[in-house]
Amino acid sequence: MKVIGQDTQRVDGEALVRGNAVFADDIKLNNVLHVKILHSPVAHAKILSIDVSRAQALEGVEAVFTHKDFKTHYYTTAGQGYPEPGPRDMRILDSTVRFVGDRVAFVAAETLEIAEEALGLIEVEYDELPTIFDVEEAMTSNISLHSESGKSGIHDAAHNVAAHLDAEIGDIIKTLESSKFVFEGTYSTPFVQMASIEPHISLTWLDENNRLVIRTSTQVPFHVRRIVAEVMDIPVSKIRVIKPRIGGGFGGKQEILNEELVAAVTLKTGRPARIEYTRTEELFAARLRHPELVTFRLGFDKNQILTAIDLNILENCGAYGPHALTVMSVTAQKALSMYKAPSIRVNGDGVYTNLPIGGAYRGYGAPQAFFPLESLMDEAANAMNIDPIELRLKNIFKVGDDIPIAKILGEGREGFPMVLYSTEVAACLKQGRELSGWEQLRSEKQIGRYRRGVGVAVAGQGSGIPGIDMGAAFIKMNEDASFNLQVGATDLGTGSDTALAQIAAEVLGVSVDKIIVYSSDTDMTPFDTGAYASSTTYISGSAVKKAAENCKAMILEQGRLLLDNDKAEIEGTFVVGGDGKQISFEDICTKSFYTDEQKQIMGTASHMSYDSPPPFNATFAEVEVDTLTGTVRVIKIVSVTDAGQIINPRMAEGQIEGGIPQALGMTLSEFMPFDDKGRPINLDFNSYHIYTARDMPELVVRFADSHEPTGPYGAKAVAEIPINAPAPAVTNAVYNAVGVRIKHLPIRPEVILGAMSKNGAN
Amino acid sequence: MTIQFELNGHLVQANSLPGSTLLEYLRSDEIHSVKHGCDHGECGACTVLLDSRSVNACLILMHTVNGRKIETLESFSTHEELHPLQKDFLHEGAVQCGFCTPGMILSLEALDREGSEIKETNVRDALNGNLCRCTGYVKPVKAALATLQKSSSTGGDS
Ligand code: FES
Ligand code: FES
């Protein structure tokens, strides 16, 4: 292969490194209205009255919207499959508010300052209602957050259960009873923020034909079009969504966050509108990772082979349920796709509380699965006195294994059978063992104030959602043998435009600079479900490969016609007859445009897959615990990944290197506390601490040699997998260092100190 | 009040409203490389050079730039040529979404102009105010060391 596997420079790199005007906000709109949202200051209340007359009267205010301006229509803001797998429980503006940050009203004004001032002039009378912040309490409480009729898809509104999950294979009770060893543990993962550095920003205007244009920082342009059309009750044909360059998404932009608000302003006033979240709004009024309280029970036979995996999930959805069902089902699917056990069972409830809204965040429900699973595997290894790496090697799924949970749990419906065609997780473990200095660190006796430890964890993810995710591509040829590649796939800063260009270039036998990529514009590019669920390389990449093959077949066909030789074949960028005659790609296209057998040489294709081959990862963490203060310092992370054939090694490394600090943030530095009224405390980057250049440990990133037979050129996904294993690798290393088992993230020094003094280890 | 300052080599006059920030001015003047990420001096996306030192434009009140020299990434490259830091950022794959990139490059340029010895710890210190959620800082640090160690070893002032 010429292009696949090369460190091709990003196709959008030069524009980015120059700081060119490529992001959503980098255009100037004339006569633009600035939009600001009034967020609820209380966690649960009925709006008794809302008086906007003073705000409306303020000079420079063009429009003020409240729930009275919209008819009751329930939808979901989740940018995912359709019909949606989750509940429809949200209005654009509602007469009840359900968390601190919920929308009460929004204002459109000539300047941002006027819009902000107007918010302060809106008079709202709240009738405060009792609140629920705890998931277990929510299910037994007599307070119901979503009892209104007209909402749909809620599993059990009376008990605040947005979504429910259960599945069983084998007989879990019997199997556990007859197992030689049984281990049980309850663990929790917290609210964390995607924290893309570019906030959510959306701009709208009417084009010369009075169509609504939405330029927005989104991962899901086609879902934005569909949902805005529905909420605003206008035809899809009247909307164009453009995704420019995006300053990071990580799932936070797999959501229709504010697009419908600016659309409402533009449709009402005819004027362009702009909304940009502040960092504070990002932290409390965007989306967060769903916290989960997960209990695992693992059964083993006398040979330390798993007999049963039983898990119970309590997911905190916050005030509304976008992604409620699917995040939880990803937790279950990924937890049950790692190790082979004859009996498996899952029971899960996604529960409403008066807290911010859970959404999609890199890994989706998988980090919530692997923190508990890999912690309990570590406990089991210690208790059974076997090396944690060995225990994993004994129990992981192997090539050819059937993964039974995949068939039972799909995205909100039954799934599809799944066979593992590629896994190199054993190789990842072996390589990581060497690179981390495992043997030596494990055998060192730890004494003194600073104690080191090493821990390991493995994880899997998926490559797209089987039977659901679809991507399409269109390629047309130009007379200099360059090609326009148009894809619905959404590059949110990951480099997917470049990877897709590499795939097209490989098929067409040209260099990547001959591929001109244009992506994610609902008027100009074919459909794609969007950039989430690690789907772009695998699903959209396969569409590009097929489209390029179709285009290439047409080049050959034209070449044969022009040479008048139906045995001619493509060699490099020529069609060559055996008779010494040949014709270049350039000449084929030029003649096809202007003189002979005229037509446009082009190819289109779509791709959908019933397979979703899991990428795998083994992460090793070396930590140092200060036994005086209880603080944990991560010294080194070794992350070895099986992502199939790597399309672009440098970009793939970048995905891993970026995923690790996000996981370490959830483990050590990103705290999202609330006061007893449900008000968030950490509302800026000073208090919500994401990893900085100085915080970073040493990272060692490697890829296993691997080839996925169902993937484009053997590729699997790479974007989400690195975020799953670092948390349990770190907490397992903490256990190795000081004998304290962390069950609830983030790690708090006082918990370590408390446990150590209880253990008498200090 | 009307103020005067140098912006990317040109003398400009601007009307400074009380409380308005340099970030607001630059973005409204279509200086797109200067990004808005937090408004509170926490993310570094709005980094510019003020008399060769890196500062957060969101914290700089307009009236305080009177008579001073502002540089943004727009002045770093010509139509044909990229600045060495830009080249190495591209070459090392240090750009992912690219939203933090202009700020990082300016912080590194400021470090370079300080003239102190270039070590990894200095580079990390220089980048500490530039939050990046994509790269884990691995490739930006590598790119910075590639450029700055070259430039300091040749004594060049890039
Ligand atoms: S916008 Fe200035 S530091 Fe974040
Ligand atoms: S490259 Fe995306 S924030 Fe740094």
Side-chain angles (χ1 to χ4, degrees), chain A residues 7 9-10 12-23 25-28 112-113 194-199 201 245-250 276 278-280 282 491-495 648-651 653-662 684-686 690-696 699 701, chain B residues 19 24 27-28 30-45 72-74 76-77 82-83 85-107 121 123-141:
Chain A
D7 288 333
Q9 191 173 298
R10 294 177 63 108
D12 52 350
E14 188 169 331
L16 290 170
V17 88
R18 283 176 179 273
N20 287 353
V22 295
F23 292 95
D25 200 32
D26 296 344
I27 55 164
K28 197 162 193 164
L112 209 52
E113 293 70 34
M194 304 78 182
S196 56
I197 307 301
E198 179 200 42
I201 174 148
R245 302 331 293 169
I246 296 301
F250 316 113
E276 181 185 29
T278 63
R279 183 54 55 187
T280 299
E282 285 291 328
D491 188 336
L492 51 143
T494 51
N648 183 321
R650 205 169 44 203
M651 285 189 344
E653 272 169 28
Q655 287 300 305
I656 309 290
E657 290 159 357
I660 293 167
Q662 292 183 357
D684 54 36
F685 273 147
N686 282 335
I690 68 172
Y691 264 57
T692 68
R694 268 200 302 240
D695 297 331
M696 288 299 296
L699 300 188
V701 170
Chain B
E24 287 161 1
R27 285 213 56 93
S28 68
E30 296 188 53
I31 301 285
H32 298 294
S33 73
V34 186
K35 307 294 182 200
H36 174 234
C38 72
D39 245 351
H40 289 100
E42 296 156 3
C43 75
T72 72
L73 195 65
E74 276 75 3
F76 275 46
S77 52
L82 293 175
H83 183 281
L85 278 166
Q86 290 174 313
K87 278 190 208 159
D88 283 319
F89 262 63
L90 259 183
H91 182 75
E92 297 290 347
V95 183
Q96 280 193 35
C97 79
F99 200 76
C100 67
T101 307
M104 283 203 184
I105 292 178
L106 289 167
S107 294
T121 46
V123 165
R124 287 190 183 271
D125 286 350
L127 290 180
N128 208 52
N130 296 94
L131 296 180
C132 174
R133 196 59 159 169
C134 300
T135 65
Y137 312 94
V138 177
K139 296 191 185 333
V141 168

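Numbers restart at 1 for each chain; the letters A, B, ... are given by sequence-line order, proteins then strands.
- Between B:E42 and A:R279, no side-chain nitrogen of the basic residue sits less than 4.0 Å from a carboxylate oxygen of the acidic one, so the salt-bridge criterion is not met.
- For the atom pair B:C134 SG and A:Q655 CD, the distance stands at 8.0 Å (nearest 0.5 Å).
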**Request:** In sequence, state the C-alpha distance, the side-chain angles, and the governing distance for B:Q96 and A:T494, and then conclude on side-chain contact (heavy atoms from CB on, under 4.5 Å).
**Result:** CA-CA 6 Å; B:Q96 280 193 35; A:T494 51; 5.8 Å; no

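- Only the backbone of A:L492 comes within less than 4.5 Å of a heavy atom of chain B; no side-chain atom from C-beta onward does.
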**Request:** Kindly indicate, with the supporting measurements, whether the criterion side-chain contact (heavy atoms from CB on, under 4.5 Å) is fulfilled by B:N128 and A:D695.
**Result:** CA-CA 9 Å; B:N128 208 52; A:D695 297 331; 5.5 Å; no

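- Counting heavy-atom pairs under 4.5 Å between each of B:L82, B:L127, B:T121 and chain A puts B:L82 at the top.
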**Asked** Given B:S77 and A:R18, is the side-chain hydrogen bond (donor to acceptor under 3.5 Å, both in side chains) satisfied, shown in steps?
**Response** CA-CA 7 Å; B:S77 52; A:R18 283 176 179 273; 3.2 Å; yes

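- Between chain B and the residues A:D684, A:I246, A:L699, the most heavy-atom pairs under 4.5 angstrom are made by A:D684.
- Interface remark: A:E198 contributes backbone and side-chain atoms alike to the contact with chain B (heavy atom separation under 4.5 Å).
- Both the backbone and the side chain of A:R650 come within contact range of chain B, each with at least one heavy atom under 4.5 Å from a heavy atom of that chain.
- Side-chain atoms of B:R133 and A:I690, non-hydrogen and from C-beta on, do get closer than 4.5 Å to each other.
- Atom CD1 of B:I31 is separated from atom CG of A:D26 by 11.5 Å, given to the nearest 0.5 angstrom.
- Remark: B:T101 OG1 to A:I197 CD1 distance equals 11.0 Å, nearest 0.5 Å.
- Heavy-atom distances place no part of A:I660 under 4.5 Å from chain B, backbone and side chain included.
- Contacts between A:E276 and chain B at a heavy-atom distance below 4.5 Å involve the side chain alone, from C-beta outward.
- Neither the backbone nor the side chain of A:D491 comes within contact range of chain B; no heavy atoms are under 4.5 Å apart.
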**Request:** Test A:D25 against B:K35 for salt bridge (Lys or Arg N to Asp or Glu O under 4.0 Å), laying out the working first.
**Result:** CA-CA 9 Å; A:D25 200 32; B:K35 307 294 182 200; over 6 Å; no

